Engineer: 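Structure in structure tokens, see below.
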Amino acid sequence: TTSDIDEFKNHLKSNLKSSGLDFSLADKTEWVQHVKNMTHFSGAKSLLRFMLFVAHDGAKIDSHDSTLIQRNDASPDSSTEFLSFGMWDKDLYETLEHVAPQNEQSHGWSGVYDDPKLKNTIGNFVLLPKGQNSALKDSAWATKKLFLRVLLSDSLTDRKTLVATAKADGTSLPKSIENGVLSTSTTLVKSHMLSGLENVIDWDADYIRKRSERLCSLVWDRMKEWLD
């Protein structure tokens, strides 16, 4: 009910004000600088997942940087209305996945493991369909990027073309995932929350930091708007 929501908002605002931070929560710049460096994964999976939903709500690809999303000139689009129970409950967005793997012996992730905390910041996470992360966890960026591109397509023909072209170039999906995404019995639903990531050339330390800052900025904008 409306009264329940208002009570929740007041409780949340009260807790935020008494959080012990040395800056005002009304200061966007300070908040973003603080949160973008937090390591959210350990013990706070639901919070991190919620932040990704909030950040992507109503956002679209940034015309100035096609690897990021923004909300400034995004027109209303039901496919990016993520703040609903129906979206939260979808298998499509159920699983948190590190993009640069947790395994610091993984190769090809320039600069990521120089800072042991970076891999656990918000910019290194995506939401994937239920049951997919275990087969992908230590894969190279080329493989993970192929999977994201496949999930951004709702055409079986296009998916098959993407997979076949990548194979010809030497990149393959794990067989269990390939069978799943190319199955004729699979309901093809485009994963709009991944928009822009298909344009990332190198998933490196600089990109993770840049994406973390943008996602946190989008979270602040939406939550400030809701709590005011």
Side-chain angles (χ1 to χ4, degrees), residues 5 9 12 28 31-41 44-100 118-133 136 141 144-154 181 187-200 203 206-228:
I5 293 174
K9 284 184 181 181
L12 179 57
K28 178 180 178 179
W31 190 89
V32 170
Q33 292 303 309
H34 177 76
V35 177
K36 73 176 186 178
N37 294 314
M38 292 175 65
T39 52
H40 303 276
F41 186 66
K45 292 183 181 181
S46 293
L47 173 62
L48 176 54
R49 186 167 177 255
F50 176 68
M51 288 177 69
L52 289 170
F53 272 80
V54 174
H56 288 83
D57 184 59
K60 69 174 187 178
I61 292 176
D62 189 333
S63 59
H64 300 293
D65 184 342
S66 63
T67 69
L68 299 175
I69 55 173
Q70 57 84 34
R71 204 181 283 125
N72 293 336
D73 63 352
S75 56
D77 184 343
S78 60
S79 67
T80 62
E81 292 177 358
F82 291 108
L83 293 182
S84 70
F85 181 76
M87 282 290 194
W88 179 264
D89 203 41
K90 271 191 174 183
D91 286 350
L92 188 63
Y93 303 118
E94 180 168 318
T95 305
L96 275 169
E97 166 72 0
H98 285 84
V99 180
L118 188 61
K119 66 180 183 293
N120 286 326
T121 57
I122 190 172
N124 192 43
F125 285 93
V126 292
L127 290 173
L128 296 181
K130 182 178 181 179
Q132 300 287 7
N133 65 326
L136 277 171
W141 170 234
K144 291 192 175 187
K145 181 177 179 178
L146 171 59
F147 181 55
L148 302 185
R149 292 180 68 199
V150 168
L151 290 180
L152 280 163
S153 172
D154 55 7
V181 296
T187 301
L188 298 181
V189 181
K190 180 176 178 177
S191 183
H192 291 275
M193 203 180 286
L194 301 174
S195 293
L197 303 186
E198 75 277 19
N199 301 318
V200 179
W203 195 282
D206 288 340
Y207 179 68
I208 291 174
R209 292 188 180 100
K210 180 171 70 169
R211 182 170 181 255
S212 287
E213 183 160 346
R214 178 60 61 86
L215 293 177
C216 288
S217 177
L218 290 166
V219 170
W220 190 94
D221 289 342
R222 189 56 101 219
M223 291 303 295
K224 182 71 164 57
E225 176 185 278
W226 184 63
L227 289 172
D228 278 348

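Predicted, not measured: the structure shown is a model, and the values here were computed from it. Values reported hereafter were calculated over all heavy atoms of this structure, with side chains retained and with hydrogens, waters and symmetry mates removed.
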Engineer: Taking the side chain as every heavy atom from C-beta outward, state whether Val126 and Lys144 have any atom pair closer than 4.5 Å.
Structural biologist: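 Not in contact.
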Engineer: At what distance, to the nearest 0.5 angstrom, does CG of Asp57 lie from CG of Leu218?
Structural biologist: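 That separation rounds to 10.0 Å.
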Engineer: Is there a side-chain contact between Asp221 and Arg71 (heavy atoms, below 4.5 Å)?
Structural biologist: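 Yes, at least one pair of side-chain atoms sits under 4.5 Å.
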Engineer: A side-chain contact here means heavy atoms from C-beta on lying under 4.5 Å apart; do Leu197 and Tyr207 qualify?
Structural biologist: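 Yes, close enough: below the 4.5 Å cut-off.
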Engineer: Please work out which of the three classes, parallel, tilted or perpendicular, describes the rings of Tyr93 and Phe53, given edges at 30° and 60°.
Structural biologist: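 Ring orientation, 0 to 90° scale: perpendicular.
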Engineer: About how many Å separate CG of Asp65 and NZ of Lys210, when rounded to the nearest 0.5 Å?
Structural biologist: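 That separation rounds to 4.0 Å.
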Engineer: Please check: side-chain N/O of Ser212 versus main-chain N/O of Ile208, any donor-acceptor pairing under 3.5 Å?
Structural biologist: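 Answer holds: yes.
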Engineer: What are the two closest non-hydrogen atoms of Ile122 and Arg211, and how far apart are they?
Structural biologist: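 So the two residues come closest at O-NH1, 3.8 Å.
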Engineer: If you define the side chain from C-beta out and look only at heavy atoms, does anything of Asp62 sit under 4.5 Å from Arg214?
Structural biologist: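 They are in side-chain contact.
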Engineer: Taking side chain to side chain contact (heavy atoms under 4.5 Å, CB included) as the test, write out the residues that go with Ser66, two or more places apart.
Structural biologist: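 For Ser66, the residues satisfying side chain to side chain contact (heavy atoms under 4.5 Å, CB included) (neighbours in sequence not counted) are Ile61, Asn199.
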Engineer: Hey, does Leu83 have a side-chain heavy atom less than 4.5 Å from the side chain of Arg222?
Structural biologist: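 Counting from C-beta outward, Arg222 and Leu83 do come under 4.5 Å.
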Engineer: Distance check, rounded to the nearest 0.5 Å: Glu225 atom CD versus Trp220 atom CH2?
Structural biologist: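 It is 10.5 Å, given to the nearest 0.5 Å.
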Engineer: For Lys145 and Glu198, which heavy atoms make the closest approach, and how far apart are they?
Structural biologist: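 Closest pair (atom of Lys145, atom of Glu198, distance): CE-O, 3.0 Å.
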Engineer: Which heavy atom of Lys36 sits nearest a heavy atom of Glu213, and at what distance?
Structural biologist: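 Closest approach of Lys36 to Glu213: NZ-OE1, 3.0 Å.
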Engineer: Where do Pro129 and Thr95 come nearest, in terms of heavy atoms and distance?
Structural biologist: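 Heavy atoms of Pro129 and Thr95 come nearest at O-OG1, 3.5 Å.
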Engineer: Can you name the residues that form a salt bridge (Lys or Arg N to Asp or Glu O under 4.0 Å) with Asp89, not counting sequence neighbours?
Structural biologist: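 Salt bridge (Lys or Arg N to Asp or Glu O under 4.0 Å) list for Asp89, sorted by chain: empty.
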Engineer: For the atom pair OG (Ser79) and CE (Met193), what is the distance rounded to the nearest 0.5 Å?
Structural biologist: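 Answer for the OG-CE pair, Ser79 versus Met193, is 11.0 Å.
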Engineer: Would you please classify the geometry between the His98 ring and the Phe125 ring as parallel, tilted or perpendicular, with 30° and 60° separating the classes?
Structural biologist: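 Tilted.
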Engineer: For residues His56 and Leu127, determine if any side-chain heavy atom of one lies less than 4.5 Å from a side-chain heavy atom of the other.
Structural biologist: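 His56 does not reach Leu127 side chain to side chain.
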Engineer: Might you point out which heavy atoms bring Gly123 and Leu215 nearest each other, and give the distance in Å?
Structural biologist: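 Closest pair (atom of Gly123, atom of Leu215, distance): CA-CD1, 4.4 Å.
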Engineer: Taking the side chain as every heavy atom from C-beta outward, state whether Trp31 and Val219 have any pair of such atoms under 4.5 Å apart.
Structural biologist: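 In short, these two side chains touch, coming nearer than 4.5 Å.
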Engineer: Measuring from Thr39:OG1 to Leu48:CG, what's the distance to the nearest 0.5 Å?
Structural biologist: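 Going from OG1 on Thr39 over to CG on Leu48, the span is 10.5 Å.
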Engineer: Nearest 0.5 angstrom please: Met223 CE to Cys216 SG, how far?
Structural biologist: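 Separation between the atoms: 13.0 Å.
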Engineer: Which heavy-atom pair separates Ala55 from Ile69 by the least distance, and what is that distance?
Structural biologist: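 For Ala55 and Ile69, the tightest heavy-atom pair comes out as O-CD1, 4.0 Å.
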Engineer: Under 4.5 Å between any side-chain heavy atoms of Leu148 and Val200, yes or no?
Structural biologist: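 They are not in contact (no side-chain heavy atoms under 4.5 Å apart), so the answer is no.
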Engineer: Side-chain donor-acceptor pair under 3.5 Å between Lys60 and Ser195, yes or no?
Structural biologist: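 Their side chains do not contain a donor-acceptor pair, so the 3.5 Å distance test is not met.
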